[in-house]
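This structure is a prediction, so every number in the text was calculated from the model and none was measured.
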Amino acid sequence: MRRDLVRQLLPLLIAATVAEACTSPSGLICTTEYRFGLAITVVDSVTASPPATAILIARSGTFVDSVGPIAPYLVDVNAAPVLILYSAGERAGTYDVTVRAPGYKDWTRSGINVSRDVCHVRLTAITARVQR
């Protein structure tokens, strides 16, 4: 559980600090910040509000990652609660993802591509609209 909390807080910590720079093999200056490849926003398919809790299971080949939310939820500019689950940290690949929330059917998607540039993975953001 502590590992999940650290993994969920990393984007906030990274945004609040100035990252050191390093040079990539191509000579491009890259930051040393840790970036996630998947950001799954979880909402109820009818109300569009987040469920009380949820977990994300992301699979790519033999790699499997399971993460839960941080609490309290992150808040957007309109002060509405949002539940975002992050995974695939600095790991490009093709993912099959499952979102599990109590009282909801599992939400699954296959073939989600996380690509990378010279320095980092590129974020793939998806909304999981869970159904009761």
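Residues A54 and L83 come closest through the heavy atom pair CB-CD2, 3.9 Å. Contact detail for A88 and D65: the closest heavy-atom pair is N-OD2, 4.1 Å. Here the closest heavy-atom approach between residue P102 and residue T53 is recorded as CD-O, 3.5 Å. The minimum heavy-atom distance between G89 and Y34, with the atom names listed, is CA-OH, 3.2 Å.
Side-chain atoms of S60 do not come within 3.5 Å of backbone N or O of G93 as any donor-acceptor pair. Using a distance-only test at 3.5 Å, with no hydrogens or angles considered, no donor-acceptor pair links the side chain of S87 to the main chain of A58. Formation of a donor-acceptor pair under 3.5 Å by the Q131 side chain with backbone atoms of S45 is not found in this model.
Among residues two or more places apart in sequence or in another chain, the salt bridge (charged side-chain N to carboxylate O under 4.0 Å, His left out) test is passed with D117 by none.
Looking at D44 and Y104, their side chains do bring a donor and an acceptor atom within 3.5 Å of each other.
Cation-pi geometry between R91 and F63 is met: under 6.0 angstrom from the ring centre, within 45 degrees of the axis.
Between E90 and R35 there is a side-chain heavy-atom pair separated by less than 4.5 Å. When side chains are defined from C-beta on, I55 does not count as touching V99, because their heavy atoms never get closer than 4.5 Å. At least one side-chain heavy atom of V42 sits under 4.5 Å from a side-chain heavy atom of V130. At least one side-chain heavy atom of T127 sits under 4.5 Å from a side-chain heavy atom of V43. Proximity of I57 to R59: side-chain heavy atoms (C-beta onward) are separated by under 4.5 Å at one or more points. Residues L38 and Y95 have side chains in contact (heavy-atom distance under 4.5 Å, counting atoms from C-beta outward). When side chains are defined from C-beta on, T108 does not count as touching V97, because their heavy atoms never get closer than 4.5 Å. At least one side-chain heavy atom of H120 sits less than 4.5 Å from a side-chain heavy atom of T31.
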The test is salt bridge (Lys or Arg N to Asp or Glu O under 4.0 Å); show your working for R100 and D106 and say whether it passes. CA-CA 5 Å; R100 291 191 175 137; D106 284 0; 2.9 Å; yes

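From I40, atom CD1 reaches atom CG of L85 across 7.5 Å, with rounding to the nearest 0.5 Å. A distance of 3.5 Å separates CD1 in I126 from CD1 in I112, rounded to the nearest 0.5 Å.
Ring geometry for F36 against Y86 counts as tilted: the plane angle lies between 30° and 60°, on a 0 to 90° scale.
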